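Here is the structure we will look at.
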Protein chains: 2
Amino acid sequence: MEKMYLKVEDAAQVLKLMGDKTRLSIMRFVNVDECCVCELVELLGLSQPAISQHLRKLKDAKLLNEQRKGHWVFYSINKEHPAIEVVQGILDALPNGKQELEELSNNNLRIICD
Amino acid sequence: MEKMYLKVEDAAQVLKLMGDKTRLSIMRFVNVDECCVCELVELLGLSQPAISQHLRKLKDAKLLNEQRKGHWVFYSINKEHPAIEVVQGILDALPNGKQELEELSNNNLRIICD
DNA sequence: TTATTATATAAGCAAATACGAATATAAGGT
DNA sequence: ACCTTATATTCGTATTTGCTTATATAATAA
(Lines give C-alpha, C1' and ligand atoms only; values in the text may rest on other atoms or scores of the structure.)
Protein backbone atom coordinates (compact mmCIF):
# COMPACT_ATOMS: atom_id res chain seq x y z
CA MET A 1 0.00 0.00 0.00
CA GLU A 2 1.43 3.32 -1.10
CA LYS A 3 1.76 6.00 1.51
CA MET A 4 -0.82 8.76 1.14
CA TYR A 5 0.28 12.29 1.78
CA LEU A 6 -1.94 15.09 2.97
CA LYS A 7 -2.07 18.32 1.03
CA VAL A 8 -0.23 21.10 2.82
CA GLU A 9 -3.33 23.30 2.83
CA ASP A 10 -5.48 20.54 4.29
CA ALA A 11 -2.96 19.75 7.00
CA ALA A 12 -2.62 23.44 7.82
CA GLN A 13 -6.36 23.72 8.26
CA VAL A 14 -6.43 20.81 10.71
CA LEU A 15 -3.45 22.16 12.63
CA LYS A 16 -4.92 25.64 12.83
CA LEU A 17 -8.11 24.18 14.28
CA MET A 18 -6.16 22.15 16.82
CA GLY A 19 -3.90 25.10 17.52
CA ASP A 20 -6.33 26.57 20.01
CA LYS A 21 -6.24 25.28 23.55
CA THR A 22 -10.00 25.08 23.86
CA ARG A 23 -10.45 23.11 20.65
CA LEU A 24 -7.41 20.99 21.39
CA SER A 25 -8.95 19.99 24.71
CA ILE A 26 -12.28 19.31 23.08
CA MET A 27 -10.41 16.84 20.88
CA ARG A 28 -8.70 15.39 23.97
CA PHE A 29 -12.04 14.79 25.62
CA VAL A 30 -13.92 13.36 22.66
CA ASN A 31 -10.94 11.13 22.05
CA VAL A 32 -11.75 9.41 25.34
CA ASP A 33 -15.51 9.27 24.89
CA GLU A 34 -18.25 11.13 23.08
CA CYS A 35 -19.29 14.29 24.92
CA CYS A 36 -22.31 16.51 24.82
CA VAL A 37 -22.11 20.27 24.74
CA CYS A 38 -23.00 20.83 28.36
CA GLU A 39 -20.27 18.45 29.50
CA LEU A 40 -17.71 20.36 27.48
CA VAL A 41 -19.01 23.65 28.86
CA GLU A 42 -18.45 22.24 32.33
CA LEU A 43 -15.01 20.81 31.54
CA LEU A 44 -13.69 23.89 29.80
CA GLY A 45 -15.30 26.68 31.81
CA LEU A 46 -16.41 28.68 28.81
CA SER A 47 -19.85 29.91 27.82
CA GLN A 48 -22.19 27.58 25.97
CA PRO A 49 -22.11 29.69 22.78
CA ALA A 50 -18.32 29.72 22.82
CA ILE A 51 -18.21 25.94 23.00
CA SER A 52 -20.90 25.57 20.36
CA GLN A 53 -18.91 27.79 18.02
CA HIS A 54 -15.74 25.78 18.49
CA LEU A 55 -17.68 22.56 17.95
CA ARG A 56 -19.12 23.89 14.73
CA LYS A 57 -15.68 24.59 13.34
CA LEU A 58 -14.46 21.13 14.23
CA LYS A 59 -17.60 19.60 12.79
CA ASP A 60 -17.37 21.67 9.58
CA ALA A 61 -13.84 20.34 9.15
CA LYS A 62 -15.20 16.80 9.63
CA LEU A 63 -12.99 16.28 12.64
CA LEU A 64 -16.07 15.59 14.74
CA ASN A 65 -19.28 13.64 14.26
CA GLU A 66 -22.50 14.90 15.70
CA GLN A 67 -25.33 12.79 17.09
CA ARG A 68 -28.45 14.00 18.80
CA LYS A 69 -29.84 11.95 21.71
CA GLY A 70 -32.98 13.56 23.06
CA HIS A 71 -32.12 16.91 24.57
CA TRP A 72 -28.44 16.41 24.03
CA VAL A 73 -26.10 16.56 21.09
CA PHE A 74 -23.07 14.33 21.41
CA TYR A 75 -19.84 14.90 19.59
CA SER A 76 -17.32 12.19 18.85
CA ILE A 77 -14.02 12.03 17.04
CA ASN A 78 -14.25 11.13 13.34
CA LYS A 79 -11.95 8.17 12.92
CA GLU A 80 -12.40 8.32 9.15
CA HIS A 81 -10.81 11.75 8.78
CA PRO A 82 -7.94 11.78 6.27
CA ALA A 83 -5.68 13.35 8.89
CA ILE A 84 -6.74 11.04 11.70
CA GLU A 85 -3.25 9.60 12.16
CA VAL A 86 -1.77 13.03 12.59
CA VAL A 87 -4.58 13.96 14.94
CA GLN A 88 -4.02 10.84 17.03
CA GLY A 89 -0.28 11.46 17.05
CA ILE A 90 -0.91 14.88 18.49
CA LEU A 91 -3.41 13.69 21.07
CA ASP A 92 -1.09 10.86 22.11
CA ALA A 93 1.50 13.46 23.08
CA LEU A 94 -0.94 15.08 25.50
CA PRO A 95 -2.41 13.99 28.81
CA ASN A 96 -5.76 12.57 27.77
CA GLY A 97 -9.02 13.71 29.24
CA LYS A 98 -9.92 10.50 31.04
CA GLN A 99 -9.18 11.83 34.48
CA GLU A 100 -11.19 15.01 34.03
CA LEU A 101 -14.10 13.03 32.61
CA GLU A 102 -14.00 10.74 35.63
CA GLU A 103 -14.19 13.73 37.91
CA LEU A 104 -17.30 14.81 36.01
CA SER A 105 -18.74 11.37 36.67
CA ASN A 106 -17.94 11.62 40.35
CA ASN A 107 -19.80 14.91 40.50
CA ASN A 108 -22.76 13.31 38.68
CA LEU A 109 -22.33 15.74 35.82
CA ARG A 110 -21.96 13.18 33.07
CA ILE A 111 -24.87 12.65 30.73
CA ILE A 112 -25.69 9.00 30.16
CA CYS A 113 -28.24 8.29 27.43
CA ASP A 114 -28.32 4.72 26.27
CA MET B 1 11.55 5.69 30.69
CA GLU B 2 8.29 7.35 31.59
CA LYS B 3 6.36 8.98 28.80
CA MET B 4 6.51 12.76 28.91
CA TYR B 5 3.37 14.65 28.02
CA LEU B 6 3.27 18.11 26.56
CA LYS B 7 1.20 20.79 28.22
CA VAL B 8 -1.96 21.53 26.28
CA GLU B 9 -1.04 25.22 25.97
CA ASP B 10 2.43 24.43 24.69
CA ALA B 11 1.12 21.96 22.14
CA ALA B 12 -1.53 24.45 21.04
CA GLN B 13 1.14 27.08 20.46
CA VAL B 14 3.16 24.73 18.24
CA LEU B 15 0.07 23.64 16.32
CA LYS B 16 -1.05 27.20 15.80
CA LEU B 17 2.34 28.07 14.38
CA MET B 18 2.28 25.06 12.07
CA GLY B 19 -1.34 25.75 11.18
CA ASP B 20 -0.36 28.25 8.53
CA LYS B 21 0.52 26.93 5.09
CA THR B 22 3.51 29.22 4.70
CA ARG B 23 5.03 28.27 8.04
CA LEU B 24 4.13 24.62 7.56
CA SER B 25 6.05 24.62 4.30
CA ILE B 26 8.97 26.40 5.89
CA MET B 27 9.09 23.50 8.32
CA ARG B 28 8.84 21.04 5.42
CA PHE B 29 11.81 22.65 3.73
CA VAL B 30 14.09 23.03 6.74
CA ASN B 31 13.26 19.44 7.61
CA VAL B 32 15.12 18.42 4.44
CA ASP B 33 18.03 20.81 4.80
CA GLU B 34 18.83 24.12 6.40
CA CYS B 35 17.62 27.03 4.29
CA CYS B 36 18.46 30.71 4.11
CA VAL B 37 15.85 33.41 3.91
CA CYS B 38 16.29 34.14 0.22
CA GLU B 39 15.80 30.48 -0.63
CA LEU B 40 12.55 30.40 1.28
CA VAL B 41 11.46 33.61 -0.40
CA GLU B 42 12.06 31.91 -3.75
CA LEU B 43 10.37 28.66 -2.73
CA LEU B 44 7.31 30.24 -1.22
CA GLY B 45 6.79 33.21 -3.50
CA LEU B 46 6.23 35.69 -0.70
CA SER B 47 8.02 38.94 0.11
CA GLN B 48 11.23 38.87 2.12
CA PRO B 49 9.69 40.67 5.11
CA ALA B 50 6.76 38.25 5.14
CA ILE B 51 9.12 35.30 5.26
CA SER B 52 11.31 36.97 7.87
CA GLN B 53 8.33 37.53 10.08
CA HIS B 54 7.23 33.92 9.82
CA LEU B 55 10.76 32.79 10.59
CA ARG B 56 10.87 34.97 13.64
CA LYS B 57 7.74 33.40 15.05
CA LEU B 58 9.12 29.91 14.50
CA LYS B 59 12.44 30.92 15.99
CA ASP B 60 10.82 32.59 19.00
CA ALA B 61 8.99 29.33 19.65
CA LYS B 62 12.35 27.50 19.41
CA LEU B 63 11.13 25.40 16.51
CA LEU B 64 13.99 26.74 14.40
CA ASN B 65 17.67 27.39 14.95
CA GLU B 66 19.35 30.35 13.33
CA GLN B 67 22.91 30.46 12.06
CA ARG B 68 24.56 33.28 10.18
CA LYS B 69 27.04 32.39 7.42
CA GLY B 70 28.40 35.51 5.82
CA HIS B 71 25.64 37.40 4.14
CA TRP B 72 23.14 34.69 4.77
CA VAL B 73 21.17 33.50 7.74
CA PHE B 74 20.34 29.82 7.69
CA TYR B 75 17.46 28.29 9.54
CA SER B 76 17.28 24.66 10.54
CA ILE B 77 14.84 22.54 12.45
CA ASN B 78 15.47 22.30 16.19
CA LYS B 79 15.65 18.60 16.93
CA GLU B 80 15.77 19.33 20.67
CA HIS B 81 12.33 20.90 20.79
CA PRO B 82 10.05 19.24 23.36
CA ALA B 83 7.39 18.75 20.69
CA ILE B 84 9.80 17.48 18.04
CA GLU B 85 8.12 14.08 17.81
CA VAL B 86 4.76 15.66 17.16
CA VAL B 87 6.36 18.01 14.64
CA GLN B 88 8.04 15.12 12.83
CA GLY B 89 4.83 13.14 12.86
CA ILE B 90 3.10 16.03 11.13
CA LEU B 91 5.84 16.53 8.57
CA ASP B 92 5.97 12.81 7.83
CA ALA B 93 2.34 12.99 6.74
CA LEU B 94 3.21 15.63 4.13
CA PRO B 95 5.13 15.52 0.89
CA ASN B 96 8.57 16.71 1.94
CA GLY B 97 10.33 19.60 0.28
CA LYS B 98 13.16 17.60 -1.28
CA GLN B 99 11.86 17.87 -4.80
CA GLU B 100 11.29 21.61 -4.66
CA LEU B 101 14.75 22.11 -3.16
CA GLU B 102 16.27 20.08 -5.98
CA GLU B 103 14.56 22.31 -8.50
CA LEU B 104 16.13 25.28 -6.74
CA SER B 105 19.50 23.59 -7.16
CA ASN B 106 18.84 22.97 -10.83
CA ASN B 107 18.14 26.66 -11.30
CA ASN B 108 21.33 27.52 -9.43
CA LEU B 109 19.34 29.31 -6.77
CA ARG B 110 20.63 27.34 -3.81
CA ILE B 111 23.08 29.02 -1.51
CA ILE B 112 26.07 26.84 -0.66
CA CYS B 113 28.34 28.15 2.04
CA ASP B 114 30.66 25.56 3.49
C1' DT C 1 34.42 55.00 2.89
C1' DT C 2 30.80 53.90 -0.08
C1' DA C 3 28.03 50.57 -2.47
C1' DT C 4 25.71 46.27 -2.61
C1' DT C 5 23.38 42.33 -0.92
C1' DA C 6 20.87 39.84 2.69
C1' DT C 7 18.08 40.16 6.46
C1' DA C 8 15.40 42.34 10.26
C1' DT C 9 12.32 45.57 12.16
C1' DA C 10 8.60 49.02 12.40
C1' DA C 11 4.28 50.98 11.14
C1' DG C 12 -0.13 50.63 9.15
C1' DC C 13 -4.10 48.12 7.62
C1' DA C 14 -7.58 44.71 6.17
C1' DA C 15 -9.11 40.32 7.38
C1' DA C 16 -9.77 36.67 10.60
C1' DT C 17 -10.61 35.14 15.31
C1' DA C 18 -12.59 34.26 19.94
C1' DC C 19 -15.61 35.70 22.94
C1' DG C 20 -20.07 37.41 25.39
C1' DA C 21 -24.87 38.93 25.13
C1' DA C 22 -29.08 38.31 23.17
C1' DT C 23 -32.06 35.56 20.61
C1' DA C 24 -33.70 31.48 17.99
C1' DT C 25 -34.53 26.61 17.53
C1' DA C 26 -35.32 21.88 19.03
C1' DA C 27 -36.82 18.29 22.10
C1' DG C 28 -39.24 16.51 26.04
C1' DG C 29 -42.19 16.96 30.06
C1' DT C 30 -46.46 18.92 32.29
C1' DA D 1 -50.58 24.41 24.52
C1' DC D 2 -46.96 25.89 27.69
C1' DC D 3 -42.61 25.58 30.13
C1' DT D 4 -37.98 24.07 30.70
C1' DT D 5 -33.61 22.43 29.16
C1' DA D 6 -30.04 21.93 25.65
C1' DT D 7 -28.05 23.70 21.75
C1' DA D 8 -27.40 26.84 17.74
C1' DT D 9 -27.14 31.22 15.63
C1' DT D 10 -26.60 36.16 15.19
C1' DC D 11 -24.41 40.33 16.20
C1' DG D 12 -21.12 43.40 18.11
C1' DT D 13 -16.41 43.98 19.56
C1' DA D 14 -11.67 43.67 21.11
C1' DT D 15 -7.68 41.19 19.76
C1' DT D 16 -4.71 38.81 16.74
C1' DT D 17 -2.86 37.82 12.30
C1' DG D 18 -0.49 38.18 7.76
C1' DC D 19 0.74 41.11 4.67
C1' DT D 20 2.85 45.49 2.37
C1' DT D 21 5.70 49.57 2.41
C1' DA D 22 9.37 51.86 4.24
C1' DT D 23 13.40 51.85 6.83
C1' DA D 24 17.20 49.93 9.67
C1' DT D 25 20.96 46.74 10.46
C1' DA D 26 24.66 43.48 9.16
C1' DA D 27 28.19 41.65 6.29
C1' DT D 28 31.18 41.92 2.39
C1' DA D 29 33.51 43.98 -1.54
C1' DA D 30 35.48 47.73 -4.24
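To find a chain, count down the sequence lines: A is the first, B the second, and so on, and within it residues start at 1. Worth saying up front: this structure is predicted, and the values here are computed from it rather than measured. For the numbers below, each heavy atom of this structure counts, side chains included, while hydrogens, waters and symmetry mates do not.
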Legend entry - Under 3.5 Å donor-acceptor pair, B:Q48 side-chain atoms to C:dA8 base atoms: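 When only heavy-atom distances are counted, B:Q48 does reach the base of C:dA8 through a donor-acceptor pair under 3.5 Å.
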Inset, instruction - State whether the distance check finds a donor on one side and an acceptor on the other, under 3.5 Å, for side chain A:Q53 versus base D:dT10. - result: yes
So, does [X] get its side chain near the phosphate of [N], meaning an N or O under 4.0 Å from OP1 or OP2?
| X | N | value |
| --- | --- | --- |
| A:K16 | C:dT17 | yes |
| A:S47 | C:dC19 | no |
| A:R56 | D:dA8 | no |

Interatomic distance where [atom1] belongs to [X] and [atom2] belongs to [N] [whole Å]:
| X | N | atom1 | atom2 | result |
| --- | --- | --- | --- | --- |
| A:L55 | D:dA6 | CG | P | 16 Å |
| A:I51 | C:dG20 | CD1 | C1' | 13 Å |
| B:E66 | D:dA27 | CD | P | 11 Å |
| A:L24 | C:dT17 | CG | C1' | 17 Å |
| B:Q67 | D:dA26 | CD | P | 18 Å |
| B:L40 | D:dG18 | CG | C1' | 17 Å |
| A:K21 | C:dC19 | NZ | P | 7 Å |
| B:F74 | C:dT7 | CZ | P | 8 Å |

Inset, instruction - Report the nucleotide, chosen from D:dT20, D:dT9, D:dT7, that has the shortest atom-to-atom distance to any side-chain atom of A:W72. - result: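 Nearest to the side-chain atoms of A:W72, counting from C-beta on, is D:dT7.
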Inset, instruction - Would you indicate which nucleotide in C:dG20, C:dT7, C:dA18 comes nearest to any side-chain atom of A:L46? - result: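 Of all the options, the side chain of A:L46 is nearest to C:dG20.
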Inset, instruction - Look only at the side chain of B:N107 and the backbone of B:L109, and say whether a donor-acceptor pair between them is shorter than 3.5 Å. - result: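 Judged by distance alone, no pair lies under 3.5 Å.
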Inset, instruction - Please list, chain by chain and in numerical order, all residues satisfying salt bridge (charged side-chain N to carboxylate O under 4.0 Å, His left out) with B:E100, sequence neighbours excluded. - result: B:R28
Inset, instruction - Please test A:K69 against A:E34 for salt bridge (Lys or Arg N to Asp or Glu O under 4.0 Å), starting from the C-alpha separation and ending with a verdict. - result: CA-CA 12 Å; A:K69 296 184 185 176; A:E34 57 177 12; 2.6 Å; yes
Every protein N/O within reach of nucleotides 27-30 of chain C N/O, cut-off under 3.5 Å:
from: C:dG28; atom 1: O4'; to: A:H71; atom 2: NE2; distance (Å): 3.4

Inset, instruction - Please write out which residues are connected to A:F74 in a hydrophobic cluster, directly or through intermediates, given that two of Ile, Leu, Val, Met, Phe, Trp, Tyr count as joined at side-chain heavy-atom separations below 4.5 angstrom. - result: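 A:W72, A:I111, listed by chain and number.
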[X] near the nucleic acid: base, sugar-phosphate alone, or nothing, with a heavy-atom cut-off under 4.0 Å?
| X | result |
| --- | --- |
| B:E39 | nothing |
| B:A50 | base |
| B:Y75 | sugar-phosphate |
| B:K57 | sugar-phosphate |

Legend entry - Flag for A:Q88-A:N31: side-chain donor and acceptor within less than 3.5 Å: yes
Legend entry - Atom CD of A:E85: over 12 foreign heavy atoms under 6.0 Å: no
Legend entry - Atom CD of B:Q99 with >12 non-hydrogen neighbours under 6.0 angstrom: no
Inset, instruction - Grab the two heavy atoms, one from A:G97 and one from A:V32, that are nearest each other, plus how far apart they are. - result: N-CG2, 3.6 Å
